[in-house]
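Okay, structure first, notes after.
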Amino acid sequence: MVSDTGDKIRHSGTVKAIQDRHVVVCITQSSACAACKLAGHCGASERKVKTVDVYTDQAAQLQIGQVVNVVAERQVAAKAVLYGFILPFVLMVGTLVAVLHVTGSEAKAAAVCLSTLPPYYALLWLLRNRISAAVAFSIET
């Protein structure tokens, strides 16, 4: 269940693993109609299970199987969307337009445009520790 209260977004989940300060929480996201009695017979319902890594000093008080709320600041969610979707989109479109303007070849522009994504995501992976500090979750019991 997702709860949106002002500047925070909460997801209910179950603790799956605990190691030192690292807690793995399993969240089940479902579409609005997943709770319908006919959902099993309808192609419109959708359920996804996702895991969230949370680093917290409260890990010692938690137990595997315990239901908790994973909380993210709205600003954290905005950063995640920025890094994961908006910046790569702007990079691709900018590259596409620039190469198309310089070469006049749509095929070259498309190839160069698509080749910008692996280095971008490799850079994100290299900076993952710094980014994870900026895009962090917390737990409420």
Side-chain angles (χ1 to χ4, degrees), residues 1-36 38-141:
M1 177 158 124
V2 178
S3 168
D4 184 355
T5 56
D7 60 343
K8 293 187 180 188
I9 299 170
R10 290 176 175 76
H11 287 277
S12 179
T14 306
V15 175
K16 291 296 177 187
I18 303 169
Q19 184 177 10
D20 298 325
R21 294 185 60 243
H22 180 218
V23 179
V24 178
V25 179
C26 186
I27 296 172
T28 302
Q29 292 182 326
S30 58
S31 65
C33 59
C36 174
L38 299 176
H41 306 287
C42 175
S45 66
E46 183 179 321
R47 294 178 77 90
K48 292 181 183 177
V49 176
K50 298 186 178 188
T51 58
V52 177
D53 294 323
V54 181
Y55 295 90
T56 179
D57 293 329
Q58 299 174 347
Q61 291 100 19
L62 300 174
Q63 297 176 355
I64 294 177
Q66 181 177 355
V67 176
V68 295
N69 285 323
V70 176
V71 181
E73 301 283 333
R74 191 169 285 284
Q75 151 186 19
V76 167
K79 282 183 184 178
V81 170
L82 176 71
Y83 295 147
F85 299 105
I86 296 172
L87 287 179
F89 177 75
V90 170
L91 178 65
M92 285 180 60
V93 171
T95 303
L96 181 70
V97 170
V99 174
L100 186 58
H101 180 70
V102 170
T103 66
S105 169
E106 291 180 4
K108 287 180 184 176
V112 173
C113 169
L114 290 175
S115 70
T116 62
L117 290 180
Y120 174 78
Y121 285 110
L123 181 64
L124 278 186
W125 184 79
L126 290 172
L127 297 173
R128 68 189 179 277
N129 292 333
R130 184 177 293 174
I131 292 171
S132 69
V135 181
F137 297 94
S138 60
I139 290 181
E140 290 180 349
T141 54

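FYI, the numbering just counts along the sequence from 1. Only this structure's heavy atoms are used, side chains among them; waters, hydrogens and symmetry mates stay out.
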Can you tell me which residue among Ile27, Val68, Val25 is in a side-chain contact (heavy atoms from CB on, under 4.5 Å) with His11? Ile27

Rounded distance [0.5 Å steps], NZ in Lys108 versus SG in Cys113: 16.0 Å

Let me confirm one number: the CG-CD distance from Leu96 to Glu106, rounded to the nearest 0.5 Å.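 That separation rounds to 8.5 Å.
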
Looking at [X] and [Y], what are the two nearest heavy atoms and their distance?
X: Asn69; Y: Ser12; result: OD1-CA, 3.6 Å
X: Asp20; Y: Ala59; result: O-CB, 3.1 Å
X: Val54; Y: Val70; result: CG2-CG1, 4.3 Å
X: Tyr120; Y: Leu82; result: OH-O, 4.4 Å
X: Ala109; Y: Val99; result: CA-CG1, 3.5 Å
X: Pro119; Y: Thr116; result: CD-O, 3.4 Å

Test salt bridge (Lys or Arg N to Asp or Glu O under 4.0 Å) applied to Arg21 - qualifying residues, sequence neighbours left out: Asp57

Could you pull out all residues at least two apart from Tyr55 that satisfy ring-ring contact (aromatic ring centres under 6.0 Å, His included)?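 Per chain and number, Tyr55 pairs via ring-ring contact (aromatic ring centres under 6.0 Å, His included) with His22.
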
Pair Lys8-Arg74, side-chain contact (heavy atoms from CB on, under 4.5 Å): steps then yes or no: CA-CA 5 Å; Lys8 293 187 180 188; Arg74 191 169 285 284; over 6 Å; no

Apply side-chain contact (heavy atoms from CB on, under 4.5 Å) to Val24 and Asp53, showing your working. CA-CA 5 Å; Val24 178; Asp53 294 323; 3.6 Å; yes

Do other residues, nucleotides or ligands put more than 12 heavy atoms under 6.0 Å from the CD atom of Glu140? yes

Hey, is CD on Gln61 packed in by over 12 heavy atoms from elsewhere, all under 6.0 Å? yes

Could you go through Thr56 and Ser138, starting from their C-alpha distance and side-chain angles, then the distance that decides it, and tell me whether this counts as side-chain contact (heavy atoms from CB on, under 4.5 Å)? CA-CA 7 Å; Thr56 179; Ser138 60; over 6 Å; no

